[in-house]
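Working notes for the structure below.
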Protein chains: 2
Amino acid sequence: MAEVARALGHPHRLALLEHIVRAERSVERLADLTDMSVANASQHLQQLKRAGCVQARRDGKNILYSLGQGPLAAVVAALHDYVAFKQDRIDQAIADSRQRPQEMESVSIDALVDRMNEGAVILVDVRPGDEFRKSHLPGAVNIPIPQLEERAKELSDNAHVVAYCKGPYCVLTREAVVILRAQGVEAAPLAGGVPEWRAAGYRLDEGV
Amino acid sequence: MAEVARALGHPHRLALLEHIVRAERSVERLADLTDMSVANASQHLQQLKRAGCVQARRDGKNILYSLGQGPLAAVVAALHDYVAFKQDRIDQAIADSRQRPQEMESVSIDALVDRMNEGAVILVDVRPGDEFRKSHLPGAVNIPIPQLEERAKELSDNAHVVAYCKGPYCVLTREAVVILRAQGVEAAPLAGGVPEWRAAGYRLDEGV
DNA sequence: ATAACCTTCAAGCAATTCCTTGATTCCTTG
DNA sequence: CAAGGAATCAAGGAATTGCTTGAAGGTTAT
């Protein structure tokens, strides 16, 4: 079973299959369509053949590859579906933050300092872990974007959250806020990032 | 898209996923179920997580992995379907040839010689290696029965294969043909073995 | 036959993947 | 806080994979 999955697990082979699903094609044609050398295409095709995903027949000078027997097309379709689903979620989050940027009022650095002194704010750093480790705003929690959705529950829900990223123009900040709000967390983007914070003369934490 | 397929493209990861589909499980449990080291399981799980196929949450001391969002289960199901389909065909082929052995027409020695002259045949000797070394039909390949299934792929699949063993009554010849056909190789048994070949006045090879 | 063409094979190198080991992090519990 | 369990990280060597190059199969066409 993994044999089939492995056969589908290479971009080139997947691309070849996508073309073969549509119609029988020769090796040269496929190589051209997928922008690879003929020899390379031939080798990938033979891997697909070994896995039973395609079959070959000769027609004159050419060897035509077509889809193998069985519900392979369904597998490819299911894969498409799944990937489309994931892409949709990303697109939607981005579109949201693009369409209604006005609804997302950012918090200025001074306002943030005030709120921090009141202890009424959770500061979330959404950059990758390695950047966070180098330096980050004091007391910030590091939750990279990919983990944000599932770790949103870590943030107590009656606290205001302020998210920041690399800088004031970083789209990811807004995206993060969209995600947090989708999880029911009251969140706002910081008007700036680490550089602005430093420029304002405040302290930074390092490590951890 | 290939990213997801690649994540599914390793036997261990697929095995992990099969268990995760059923229920949330801890790393240790999964490692035990799939018979791999904890560290190794952990690494594969993280690959799956990176691809978005699974999500992790902590529960007490353990970290529980569960299926990611979206119609991933459909992909796995489609894969199952497809593989089941192929397995069916193999089983069916075996059953067919067992139930109706009379349909397995053997190739006469004279017919074999004709075909060999045309170069349109691969001759497989399924006896143990030591017997093969003593003497065998010219040009024959030696693949003992136990290795036949896994080495079937060595035989180019658009060539006719003729298999032979010790003699015309040797059951192993038919068994070999069944195995080969199950692998999609067009195979037929020889009506006889080394003694009959010699008796017909043809040459034998020795050694190698 | 010979030539021309499409495809496959074979070999070698670079890059990646896989698994193991031992240390380390992270969290809960006493 | 300390102890302990669960999971992850990090690094290394073995194995596999992927791509390129040049040569070799086979098939039509001249």
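Note on naming: letters A, B, ... go to the chains in the order of the sequence lines (proteins, then strands), and numbering restarts at 1 for each one.
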Assess, by modelled atom type and distance only, whether the side chains of A:H19 and A:R25 contain a donor and an acceptor separated by less than 3.5 Å.
no
Are side-chain N/O atoms of A:H80 and A:E18 paired as donor and acceptor at under 3.5 Å?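 A:E18 and A:H80 do have a side-chain donor-acceptor pair below 3.5 Å.
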Phosphate contact ([N] OP1 or OP2) by [X] side-chain N/O below 4.0 Å:
X: B:Q47; N: C:dT17; value: no
X: B:S37; N: C:dC19; value: no
X: B:N62; N: D:dA7; value: yes
X: B:S42; N: D:dA7; value: no
X: B:H44; N: C:dT17; value: no
X: B:Y65; N: D:dT8; value: yes

Roughly, in whole Å, what's the span from [atom1] in [X] to [atom2] in [N]?
X: B:I63; N: D:dG5; atom1: CD1; atom2: P; result: 17 Å
X: B:Q43; N: D:dA11; atom1: CD; atom2: C1'; result: 11 Å
X: A:R50; N: C:dC9; atom1: CZ; atom2: P; result: 8 Å
X: B:M36; N: C:dT20; atom1: CE; atom2: C1'; result: 12 Å
X: A:Q46; N: C:dT7; atom1: CD; atom2: C1'; result: 9 Å
X: B:R58; N: C:dT28; atom1: CZ; atom2: P; result: 6 Å
X: B:R57; N: D:dA6; atom1: CZ; atom2: P; result: 17 Å
X: A:R29; N: C:dT7; atom1: CZ; atom2: P; result: 12 Å

Determine the interplanar angle of the A:W197 and A:Y202 rings, folded into 0 to 90°, and report it as parallel if under 30°, tilted if 30 to 60°, perpendicular if over 60°.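 Tilted: the ring planes of A:W197 and A:Y202 meet at 30° to 60°.
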Worksheet item: On DNA chain C, nearest-nucleotide positions of B:K61 versus B:N40: which is more 5'?
Response: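 Going by which nucleotide is closer to the 5' end, it is B:N40.
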As its Watson-Crick or G-U partner within any shown strand, both distances under 3.5 Å, C:dT29 has D:dA2
Looking at [options], which one has an atom nearest to any side-chain atom of [X]?
X: B:S26; options: C:dT7, D:dA7, D:dC19; answer: D:dA7
X: A:H10; options: C:dT7, C:dC18, D:dC19; answer: D:dC19
X: A:H12; options: D:dC19, D:dA7, D:dA11; answer: D:dC19
X: B:V27; options: D:dG18, D:dA7, D:dT21; answer: D:dA7
X: B:E28; options: C:dT8, C:dC19, D:dA7; answer: D:dA7

Yes or no on side-chain contact (heavy atoms from CB on, under 4.5 Å) for A:L112 and A:L123, after CA distance, side-chain angles and deciding distance?
CA-CA 9 Å; A:L112 173 61; A:L123 195 50; 4.0 Å; yes
Next on the checklist: Run the side-chain contact (heavy atoms from CB on, under 4.5 Å) test on B:L137 and B:L204 for me, step by step, so that the C-alpha distance in whole Å, both residues' side-chain angles and the decisive distance to 0.1 Å come before the verdict.
Outcome noted: CA-CA 5 Å; B:L137 272 58; B:L204 286 169; 3.9 Å; yes
request  = Report the C-alpha separation of B:L17 and B:V76 in whole Å, then their side-chain angles, then the decisive distance to 0.1 Å, and conclude whether the side-chain contact (heavy atoms from CB on, under 4.5 Å) test is met.
outcome  = CA-CA 9 Å; B:L17 213 53; B:V76 177; 4.1 Å; yes
| Quick one: on DNA chain D, does A:R13 or B:A39 contact a more 5' nucleotide (nearest heavy atom)? |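 Final value for this comparison: B:A39.
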